[in-house]
Structure formats: structure tokens, C-alpha cells
Amino acid sequence: QVQLVESGGGLVQAGGSLRLSCAASGRTFSSNAMAWFLQAPGKAREFAATISWNGGSPDYSDSVKGRFTISRDNAKNTVYLRMNSLKPEDTAVYYCAAAPSGVAGRGRTEYNYWGQGTQVTVSS
């Protein structure tokens, strides 16, 4: 069992930055691929970024690539999402997710543990 708790969301102006954190507890974190998904109001949850168990193979959706950076610190059992150049369309609840394997892709079904989410609101 893995418990995930996100933090770092808030209200920011367009062009600003935020860093989200996801603290993991429970079974071994360092062997799991991790990801961030987002869910905008009235829309389905969608993939944003993923990172493999050792910090390699980061992958990003086209909408966040070049602006967001996913990273992890296995010693702290934490994964991060650095978000720069934020846009109003980035407004969403951001969810952290853990996969049962060390490498995972963009599909929601590849991840079996989810946090409760943290709200990010970008004002224009």
C-alpha cells in the first residue's frame, strides 16, 4: 500500500511558477514510477508528466512540455512538479500517482495509487 499526499498548489498569476510536491509513505517508493495528472473543471483527468523509478525517462504531455519539470528524491520519498510560465488553461486539480512498476507511460490505468489532489488556479 502506498499513500500519496500532494501539496504546493495555490493561486498564481499567468506567467508565474509553482512547485508541487507529492510525499509518499507505505511500501517502497523508490521502485515505483510516478506521475502527475491534471483534471480541469468539467474535463477528464489527463496525463501531465511521468518519471521512472530512478529518475530517468521523464515524459511530458505536449501541453506542458518545455514548461513543467518532473523530478524525484527517493531519499525523501517525494516527487515534484516544477511548473513555469503558467497559463490560465493550466488551472486544474493536480494528482500524484504511483505505478506498480518501475517504468510507466501516460495511461491512467498504469497507475494504481492516487493522491487526493491539489488545486492550482492561474489567473489572467
Side-chain angles (χ1 to χ4, degrees):
Q1 189 77 9
V2 175
Q3 292 81 41
L4 304 173
V5 179
E6 302 96 335
S7 62
L11 174 64
V12 63
Q13 288 188 332
S17 298
L18 282 174
R19 189 181 77 160
L20 306 183
S21 299
C22 172
S25 61
R27 56 165 283 187
T28 303
F29 164 84
S30 60
S31 61
N32 300 90
M34 301 294 294
W36 289 94
F37 286 75
L38 61 92
Q39 187 166 15
K43 296 187 178 181
R45 194 172 300 186
E46 62 183 57
F47 169 80
T50 188
I51 190 167
S52 65
W53 67 277
N54 63 354
S57 305
D59 186 34
Y60 302 91
S61 69
D62 288 345
S63 62
V64 309
K65 191 172 186 178
R67 299 187 299 122
F68 291 11
T69 302
I70 189 170
S71 62
R72 65 190 296 160
D73 186 339
N74 286 347
K76 296 182 178 180
N77 285 353
T78 302
V79 63
Y80 305 97
L81 186 68
R82 177 68 179 181
M83 306 186 294
N84 295 328
S85 304
L86 282 162
K87 306 174 182 179
E89 51 264 43
D90 294 321
T91 295
V93 178
Y94 284 72
Y95 296 90
C96 175
S101 57
V103 179
R106 302 183 175 195
R108 286 180 56 184
T109 58
E110 298 182 63
Y111 301 87
N112 56 348
Y113 295 108
W114 294 83
Q116 293 301 305
T118 184
Q119 175 71 46
V120 172
T121 302
V122 185
S123 64
S124 58

Using ring-ring contact (aromatic ring centres under 6.0 Å, His included) as the criterion, list what pairs up with Tyr111, not counting sequence neighbours.
Phe37
Test side chain to side chain contact (heavy atoms under 4.5 Å, CB included) applied to Thr121 and Gln119, step by step
CA-CA 6 Å; Thr121 302; Gln119 175 71 46; 3.3 Å; yes
In Å, rounded to the nearest 0.5 Å, how long is the span from CG of Leu20 to OG1 of Thr78?
12.5 Å
Can you spot which of Phe29, Trp36, Tyr80 makes a side chain to side chain contact (heavy atoms under 4.5 Å, CB included) with Cys22?
Trp36
Could you tell me whether the side chain of Glu6 and the main chain of Thr118 form a donor-acceptor pair under 3.5 Å?
no
Gap separating the NZ atom of Lys65 from the CG atom of Asp59, nearest 0.5 angstrom
7.0 Å
Say you draw a straight line from CD of Glu46 to CZ of Arg106; how long is it, rounded to the nearest 0.5 Å?
11.0 Å
Across all chains, not counting sequence neighbours, the side-chain contact (heavy atoms from CB on, under 4.5 Å) partners of Lys87 are Arg67, Glu89, Asp90
Does Gln39 use its side chain to pair, donor to acceptor, with the backbone of Ala92 at less than 3.5 Å?
no
How close do Ala99 and Asn112 get, counting heavy atoms only, and between which atoms?
C-OD1, 3.9 Å
Could you state the interatomic distance from CD (Gln13) to OG (Ser124), rounded to the nearest 0.5 Å?
9.5 Å
Under 3.5 Å, side chain of Arg82 to main-chain N/O of Ser17, donor-acceptor pair present?
no
Hey, any chance Tyr60 and Phe47 share a hydrophobic cluster, counting ILVMFWY side chains that come within less than 4.5 Å of each other, even indirectly?
no
Out of curiosity, does Val93 fall in the hydrophobic cluster containing Val12 (side-chain heavy atoms, cut-off under 4.5 Å, transitive links)?
no
Between Ile70 and Ala35, what is the shortest heavy-atom contact and its length?
CD1-CA, 4.3 Å
So OG of Ser7 and CZ of Arg19: to nearest 0.5 Å the spacing works out to 8.5 Å
Tightest non-hydrogen contact, residues Ser101 and Val103, listed as OG-O, 2.9 Å
Under the 3.5 angstrom rule, does the side chain of Thr91 hit a backbone N or O of Val122 as a donor-acceptor pair?
yes
Is a side-chain donor or acceptor of Arg45 paired with a backbone partner of Tyr94 at a separation under 3.5 angstrom?
no
Donor-acceptor contact present, side-chain Asn74 to main-chain Trp53, <3.5 Å:
yes
Please say yes or no: joined through hydrophobic side-chain contacts below 4.5 Å, possibly via intermediate residues, are Val79 and Met83 part of one cluster?
yes
Once rounded to the nearest 0.5 Å, what's the spacing between atom CZ of Phe68 and atom CG of Leu18?
9.0 Å
Would the distance check show the side chain of Asn32 and the main-chain N or O of Met34 forming a donor-acceptor pair, the cut-off being under 3.5 Å?
no
Report whether Leu81 and Trp114 are members of the same hydrophobic cluster (ILVMFWY, side-chain heavy atoms less than 4.5 Å apart, transitive linking).
no
Should Tyr95 and Val64 be regarded as members of a common hydrophobic cluster, given that ILVMFWY residues are connected when their side-chain heavy atoms come within less than 4.5 Å of each other, either directly or indirectly?
no
